[in-house]
Colleague: 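Structure below; questions to follow.
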Amino acid sequence: MARILITSALPYINGIKHLGNLVGSQLPADLFARYMRGRGHEVMYICATDEHGTPAELAATKAGKPVAEYCAELHDVQADIAKGFGISFDYFGRSSSDENRAFTQHFAAKLAENDLIEVVSDKQVYSNADGRFLPDRYIEGTCPNCGHVGARGDQCDECTKQLSPTDLIDPYSTISGSKDLEVRETKHLFLRQSKLRDTLDKWIDSKKDWPILTTSIAKKWLHDGDGLRDRGITRDLDWGVPVPDMPGKVFYVWFDAPIEYIGATAEWAKANGLGDDAWERWWRTDKGADDVRYVQFMGKDNVPFHTLSFPATIMGSKEPWKLVDYIKSFNYLNYDGGQFSTSKGRGVFMDQALSILPSDYWRWWLLSHAPENSDAEFTWENFQSSINKDLADVLGNFASRVTKFCRSKFGEVVPAGGEYGDDEKALIATLNQRLTAYNTHMDAMEVRKSAAELRAIWAAGNEYLQNAAPWTVFKTDPDAAAAVIRLSLNLIRLYAVLSKPFIPDASAALLTAMNTRDASWPDDVETALNTLPEGHTFTVPEVTFAKITDAQREEWQEKFAGVRD
RNA sequence: GGGCCUGUAGCUCAGUUGGUUAGAGCAGAGCGCUCAUAACGCUUUUGUCGCAGGUUCAAGUCCUGCCGGGCCUACCA
């Protein structure tokens, strides 16, 4: 039995995430976690809300609430939605926890001890009306290059020229609109990650099997221009992990957020009344974590922080913390020809998705179309046809036709009589082959390929049944038909087991209908198909997957289109 | 501007270290079945592999250029 530590990128606290965010982190991580648990491995799947930073403060202000209260509420909202999608976190923590505060300050102290922190004096724009320093993106003005009026302080969207806030003509705060801005001197701690460049470079080079998306982004940052740059890890904010001996400063979210992977594991230990050793055996290689395999899941926007700054933090501490072993990164999911947009209400967000269809529908479509090699696109037509064909027709209808036929001819009981013959042997051989392929793809986190293989496993049942034709055989040889149905009922149970990582709710419903709790991952298909014995009772399941009608599709298409550009 | 990814049947995508007639699912067509969610099975049509050159006995696969789509470019997170 192996020990697998899994983390998915922390969703930012500000608002509800859309399906693209889900498919790039929590969902594939959950698939992997469920699969690994199914295989009998010890899994720790950790995630948390990322709660610090300027956007959280502003959102709280807008909501008219203290930021701590706002974050607590939104954390619960996100936790509920994740639960609704069946995301099987072992713990869903908060980056604002006491644990994370302690770890963040600890790492900063260790980095300072090891001469990897330096104090840098910097000039930044301060807004008197807002009473805060403004990140570059929160300042807009007229582009000095092209004259575009709404240019941001970091870049002009019109001419794509990179800017500095002081370049802007007539700059104003996007928070208040105030033009009462001034440049102030402020001191910040910088992480001297440039000193670790060669170490990081060698480390990345050693990861031959990582997705190219992961390594190419890391390489770019390591080698672009003068190479990896030092990075400010503090901000002038109230809300965050306080920087010791620097009043008014907190650590930058991107410094404390990854540390929360560790923090949340410690939160888990505390919440379960366990001691420090419980989390340390996942994170400290000197305390039992040396045999842990650590896999991270994230969208491509998160890659630099997970390949460079977080490893720099870990390595720079010179303490025996567990480093990531594999980073699975994803491209983006687009929505019907464009991007998901919160501000325009375009696309389907997690809460809306659950309000119209069961989570398994979304899980299946998103995972079977995961943006692994390039950006993927959600369209309602594709969604409808995939769901109706794969889930309703191929899988759901298989369970339906088998159980209903059995009920009418033999009753709701696994029928006795007959022997397995050549057709059954051929099916078992096919399924063993496909099971091996499925396991291989799941082990490798090849999400789309896993889904395709699972679907082929489902389809094999229909092929077999059609060929065996128990409805015909029954007329002359009821025992032979009984053997076919006995195997087919067992096939339903096998499908429930193998499908559990993708569609856990339907899997549970099918197992309940088959009146069994035996969900053990099969080593061998033949054995697995003898699990439900003759005489075992079952019930005919309700419609496992109702089809999506054209009317529904059109209604949703309209509803989620958002306002036009 | 720079870097990276990507362009394969109407649609969504596979195509391993270059090797014979380029594959799958969906959609379309035909046949079969009637247990089932008008479901299932079998057969089958469709491709100048973005364009133009080059290397090679051999290129979807390697090289160069061009065209299209996307992402990143370090103070949003």
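Side-chain atoms are counted along with the backbone in the values below, which use heavy atoms only and exclude waters and symmetry mates. Just so we're on the same page: letters track the sequence lines, and every chain starts at 1.
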Colleague: Look at the side chain of A:Asp393 and decide which nucleotide, out of B:rA14, B:rA74, B:rA39, has an atom nearest to it.
Modeller: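 Looking only at heavy atoms from C-beta outward on A:Asp393, the closest nucleotide is B:rA39.
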Colleague: For the side chain of A:Trp254, counting heavy atoms from C-beta on, which of B:rG3, B:rA77, B:rU37 is nearest?
Modeller: B:rA77
Colleague: Check the distance between B:rG15's C1' and A:Glu446's CD and give it to me in whole angstrom.
Modeller: 13 Å
Colleague: Whether A:Arg231 contacts B:rC75 is assessed here as follows: a side-chain N or O lying under 4.0 Å from the phosphate OP1 or OP2. Is that the case?
Modeller: yes
Colleague: What does B:rG1 pair with, Watson-Crick or G-U, if both distances are under 3.5 Å?
Modeller: B:rU73
Colleague: Determine whether a donor-acceptor pair (one donor, one acceptor, N or O, separation below 3.5 Å) exists between the side chain of A:Asp122 and the base of B:rC75.
Modeller: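 Checked by distance alone, the answer is yes.
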Colleague: Can a side chain N or O of A:Tyr252 be found less than 4.0 Å away from OP1 or OP2 on B:rA77?
Modeller: yes
Colleague: Rounding to a whole Å, what distance do you find between A:Asn373:CG and B:rU16:C1'?
Modeller: 14 Å
Colleague: Where the side chain of A:Asn397 is concerned, which of B:rA77, B:rA74, B:rA36 is the nearest nucleotide?
Modeller: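 Selected nucleotide: B:rA36.
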Colleague: If only side-chain N and O atoms of A:Lys404 are considered, is one of them under 4.0 Å from the OP1 or OP2 phosphate oxygen of B:rA39?
Modeller: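 Negative; the distance criterion is not met.
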Colleague: Quick one: is B:rU16 close enough that its OP1 or OP2 comes under 4.0 Å of any side-chain N or O from A:Lys449?
Modeller: no
Colleague: Should B:rG32 form a Watson-Crick or G-U wobble pair with both distances under 3.5 Å, which nucleotide is its partner?
Modeller: B:rC40
